[in-house]
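Reviewing the structure listed below.
Numbering starts at 1 and runs along the sequence shown. Here the structure is a predicted model, which means the values were calculated and not measured. Heavy atoms only: backbone and side chains are in, while hydrogens, waters and symmetry mates are out.
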Amino acid sequence: VEVVGDDRRRRGADGGPDRFRRQRYLILKAIERAAREQADILLAPEGSLSGYTHTFGAEALGKALTSATDFAREKGVGLALGTCFVEEYGKCYNQIRFYRPDGKYLGFHSKILREAVEHAPEGEINHYAASESNAFTWTGDLELSGLICNDDQAASPVEVHCESLVTEKS
């Protein structure tokens, strides 16, 4: 599996439709790069599409997400896309959304360790829901999962399997 990562995140976090235009543009450029480098998947970190905020327009974000995932499918590049997103049942998650190169949505991993201000329930713990950690079948017996920020330090153990898949094609 060939992986390309892109760290163009948290830009345009002031909100409004310009944020999504800018974020979408950066994601599309990263997808183009991943396709040029014949990557199987693009890793786009926390908040790459939405910005690092819970205050975003769900409809505008949905359009930007569709644009990015359609383009990735056209280019044959899978995605592990970091974004904040409100699921159809109304909960907002800080998540990594997984898509195969054929465009199939596999599901998401949400941030486990949501930070709060010391001794007060303030911060992202109030804005984002949490879910169980998931693994998704990529191809054959290869499964993908992800961790966001300090998930590896969560109070409940998270099993992490690291293999040298990021530097060599298989």
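- Checking side-chain atoms of S50 against main-chain N and O of T83 turns up no donor-acceptor pair under 3.5 Å.
- The shortest side-chain heavy-atom distance between L106 and L144 does not fall under the 4.5 Å cut-off.
- With sequence neighbours left out, R100 forms a side-chain hydrogen bond (donor to acceptor under 3.5 Å, both in side chains) with no residue at all.
- From I31, atom CD1 reaches atom CG of L79 across 5.0 Å, with rounding to the nearest 0.5 Å.
- Rounding to the nearest 0.5 Å places CG of N134 at 11.0 Å from CD1 of I96.
- Listed here is the closest heavy atom pair of I27 and A68: CG2-CB, 3.9 Å.
- The stretch residues 60-97 participates, sequence neighbours left out, in these ring pair (Phe, Tyr, Trp, His ring centres under 6.0 Å) pairs: Y93-F108.
- Heavy-atom minimum distance, S67 versus L28: O-CD2, 4.2 Å.
- Taking CG from L65 and CZ from R97, the interatomic distance works out to 5.5 Å, rounded to the nearest 0.5 Å.
- Interatomic distance, F136 CZ to Y105 OH, rounded to the nearest 0.5 Å: 7.0 Å.
- The two residues G76 and P101 make their nearest non-hydrogen contact at O-CB, 3.4 Å.
- At distances below 3.5 Å, at least one donor-acceptor pair connects side-chain atoms of Q23 with backbone N or O atoms of S48.
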W138 vs I41, test: side-chain contact (heavy atoms from CB on, under 4.5 Å). Steps then yes/no.
CA-CA 10 Å; W138 183 254; I41 188 168; 3.8 Å; yes

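- Using a 4.5 Å heavy-atom threshold, the side chains of N94 and C84 count as touching.
- Every residue meeting the side-chain contact (heavy atoms from CB on, under 4.5 Å) condition with D70, not counting sequence neighbours, appears here in chain and number order: T66, R73.
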